[in-house]
Undergrad: 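Take a look at this one; I'll ask things after.
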Number of protein chains: 2
Amino acid sequence: MKPSVRLVAERAKVSHATVSRVLNNVDVRIAPETRLRVERIASEMGYQPNRNARALATGRTQSVALWATNLRSVYYGEYIHFIHEETLRHDYDLMVSGAKVPQYGVVGKDVTLDTSKLMSWPVDGIIAVDLPRATVPGMKGSLLGGIPFINVGGYVLESADYVQVDFTEPAIEAVQHLATVGCRRIAYLVPDWFEWFIPSDDPRLSGYKSVMAALGQEPEFIVSPNERREGVASVLAAYIEQHGCPDGIFCYNDEMAIGAFLELRKLGRRIPEDVALVGCDGIRESEYLHPPLTTIMPPLEEMCSVAWSFLMKRIQDPTLPLQAARLKARLEVRGSSQR
Amino acid sequence: MKPSVRLVAERAKVSHATVSRVLNNVDVRIAPETRLRVERIASEMGYQPNRNARALATGRTQSVALWATNLRSVYYGEYIHFIHEETLRHDYDLMVSGAKVPQYGVVGKDVTLDTSKLMSWPVDGIIAVDLPRATVPGMKGSLLGGIPFINVGGYVLESADYVQVDFTEPAIEAVQHLATVGCRRIAYLVPDWFEWFIPSDDPRLSGYKSVMAALGQEPEFIVSPNERREGVASVLAAYIEQHGCPDGIFCYNDEMAIGAFLELRKLGRRIPEDVALVGCDGIRESEYLHPPLTTIMPPLEEMCSVAWSFLMKRIQDPTLPLQAARLKARLEVRGSSQR
DNA sequence: CTGTTAGCGCTTTCAC
DNA sequence: GTGAAAGCGCTAACAG
């Protein structure tokens, strides 16, 4: 049986209230000898407070929830890593929660985030990553069902605290870069739900469009059934067969760029000579390709650390005015687009 | 303010016990009209039970903890993904916890897993991934501090429920394969803590040694300061300068294999012509290389699903005899070793 | 069929 | 300095 405060108290011949006081270092006016005795006995018995009980009593849990669209993707894995680092540093625990299909529905359309699961644990704060066109019911200011809430990523809800990464400039730069290295036909490779985007939703899209307009070229979209590598592989060959092959492809994300990369090579196209490729997200795998993938890198670590500090401030004072930060992503030119 | 059972009860003009009964679908003998009324009012008020309170009352939390050595690595990311799928399916929540340096200490030496953080939340079960030579204090049978515990991976504690992946056969097969494709000098690339391994600790090591013995060749070890890509990059050039270059390298894991791959290419060695390479873990990134990496693939999805079912059984009946499964990994031969 | 009551293990007043 | 007692929000045993 796990020892409780009462058990410790009994052996230490004090009341359980005193044990609690000692162990929480509250109330300095405690006889040093009592304190020592309690501490010794508690550690002898291997006492660990029951955090549910503590949470119930205090209303604080020392835990936060992380919500991500897709736990499979290495991109969101990086978020988990960095947020987890923060929790370690600040002695919090981390609940991880991802999208169930009906939980998030079709991405891209206006979707409603099913928050019942997300909020079911009374965590102290919630961090959500990338909420494209999402409606989050129960949001009031920066509180979701009363719980401090922050969202972070390329897509944010501006009604709550957020840390956004701005892809606009590097997206423009990326498409210009493709033009500069001599691409005459630059396509944008996107997941099929991009149709539901209004241009301002996706800075990559608006960046792409604006540069194409400036170049006097028609935008060209290659549409993949999803935002993953496999989706791209399933459609690219047919697309090229039907429409011919662009000589530059700007990709919605790195996973898709990698899909395109592998598929193009299978089709005998050389990268970057025949097709120059640019991805987005800066996942580490982009470096593994040969030539390595040119990509747009969000400062994930910094984003997570800013998000964390915002969240802590919000927890301290829920009435704080909106906290927002916008960080810059940067274009990292590598071999896949250099010629 | 969040509505509580009492508040719902008040408005529904019943006792809070009845509300609890209705909402938990317990005790069928409830007037249908009462049931309906309570359900309607609860949903109108957006009532969500406080799970801390429920956990305190029932002793069950409907959550499990996942412990991994290293949250950064994509390999452990895959574990998180698959375990998370299980939690979704079975309506559990997932706490994620990783190693803090002092929490796990030097891997390879006999180390003591700091369980205080791991157990601080009263979860219903604990899943630990890869515990090489770890001592876990507080283990009694398959219970860790009274909580059902299962460990999974290439390294397991056989004193508790476990699901182990067996790398032995594919490791032997891998080294033989390297010999078959004509390698005359086959090295094993390992993290420096391999020195603390006794051969039986690491099936790759014992497999490697046995094949080398059969071939009548001297084992050759390339030692990297850690098990990551960067570590390998930092030592490989110097090693080759000093000792010349093996024509086949068996690698402790895929991350290291990728490190070797990129570094070798930088040094102007062709893969597989000059050096044939085999990794281990089957991370998806291994496919991104060109040529793609030959690797040993553990059946992660199956491992996680078996581990989950073991854990659920253990939760149901903590006195169950030890549950153990050993699944086979398989060698996936790809371009990096074919010639 | 439903209400009353007693905890779950802890923190936190309020007395003494 | 320390104990007694209340209560966090819920479930579950016991009445009726």
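The model shown is predicted, which means the values in this text are computed figures rather than measured ones. So you know, we letter chains A, B, ... as the sequences are listed, proteins then strands, and number each from 1.
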Undergrad: Check whether any side-chain nitrogen or oxygen of A:Thr18 sits under 4.0 Å from OP1 or OP2 of D:dG3, and answer yes or no.
TA: yes

Undergrad: Does A:Ser4 reach a base, just sugar-phosphate, or nothing at all? Heavy atoms under 4.0 Å.
TA: sugar-phosphate

Undergrad: Taking only distance into account, with no hydrogens and no angle test, what donor-acceptor pairs under 3.5 Å do side-chain atoms of residues 38-46 of chain A form with protein atoms, sequence neighbours excluded?
TA:
residue	atom	partner	partner atom	Å
A:Arg40	NH1	A:Glu44	OE2	3.2
A:Ser43	OG	A:Arg40	O	3.4

Undergrad: When you measure from the side-chain N and O atoms of A:Thr58 to the phosphate of C:dT12, is any distance below 4.0 Å, counting only OP1 and OP2?
TA: no

Undergrad: When you get a sec, tell me which of D:dG1, C:dC10, D:dA5 is the closest nucleotide to the side chain of A:Ala57?
TA: C:dC10

Undergrad: Measuring from the side chain of B:Ala31 (C-beta onward, heavy atoms only), which nucleotide among D:dG9, C:dC1, C:dC10 has the closest atom?
TA: C:dC1

Undergrad: Does the distance from a Lys or Arg side-chain N to an Asp or Glu carboxylate O, for B:Asp161 and B:Lys313, drop under 4.0 Å?
TA: no

Undergrad: Measure from CH2 on B:Trp121 to C1' on C:dG9 and round the result to the nearest Å.
TA: 13 Å

Undergrad: Just the rounded figure in Å: distance from P of D:dT2 to CG of A:Leu23.
TA: 14 Å

Undergrad: Is the shortest side-chain N/O distance from B:Asn52 to OP1 or OP2 of D:dC8 below 4.0 Å?
TA: no

Undergrad: Specify the separation, in whole Å, of atom CG of B:Leu7 and atom C1' of D:dC10.
TA: 14 Å

Undergrad: Kindly point out which of C:dT2, D:dC10, D:dA5 is positioned nearest to the side chain of A:Ala17?
TA: D:dA5

Undergrad: Drop me the distance from B:Leu71's CG to B:Ser97's OG, to the nearest 0.5 angstrom.
TA: 8.0 Å

Undergrad: Ignoring hydrogens and angles, does a donor from either the side chain of B:Arg21 or the base of C:dG3 sit under 3.5 Å from an acceptor on the other?
TA: yes

Undergrad: Ignoring backbone atoms, establish whether B:Asn50 has a side-chain N or O less than 4.0 Å from OP1 or OP2 of D:dC8.
TA: no

Undergrad: Between P on C:dT12 and CG on A:Leu56, what's the gap in Å once rounded to a whole number?
TA: 12 Å

Undergrad: Any luck finding a side-chain donor-acceptor pair between B:Asp124 and B:Thr61 under 3.5 Å?
TA: yes

Undergrad: Would you check, one step at a time, whether the test salt bridge (Lys or Arg N to Asp or Glu O under 4.0 Å) holds for B:Arg72 with A:Glu85?
TA: CA-CA 10 Å; B:Arg72 184 84 203 250; A:Glu85 293 282 294; over 6 Å; no

Undergrad: Quick one: A:Arg60 CZ to C:dT12 C1', roughly how many Å, whole number?
TA: 16 Å

Undergrad: Where the side chain of B:Arg54 is concerned, which of D:dC10, D:dA5, C:dC10 is the nearest nucleotide?
TA: D:dC10

Undergrad: Quick one: on DNA chain D, does A:Arg6 or A:Lys13 contact a more 5' nucleotide (nearest heavy atom)?
TA: A:Lys13

Undergrad: Verify the contact: side-chain N or O of A:Ser15 to OP1 or OP2 of D:dG3, cut-off strictly under 4.0 Å; return yes or no.
TA: yes

Undergrad: Kindly write out the residues that satisfy salt bridge (charged side-chain N to carboxylate O under 4.0 Å, His left out) with B:Arg37, not counting sequence neighbours, or none if the list is empty.
TA: none

Undergrad: Going by modelled atom types, is there a donor-acceptor pair between the base of C:dT11 and the side chain of A:His16 at under 3.5 Å?
TA: yes

Undergrad: To the nearest Å, give me how far apart CZ (B:Arg37) and P (C:dT2) are.
TA: 8 Å

Undergrad: Rounding to a whole Å, what distance do you find between A:Ile30:CD1 and C:dT12:P?
TA: 13 Å

Undergrad: To the nearest angstrom, how far is B:Met45 atom CE from D:dG9 atom C1'?
TA: 14 Å

Undergrad: Under 3.5 Å, is there any donor-acceptor pair linking the side chain of A:Arg51 to the base of C:dG9?
TA: no

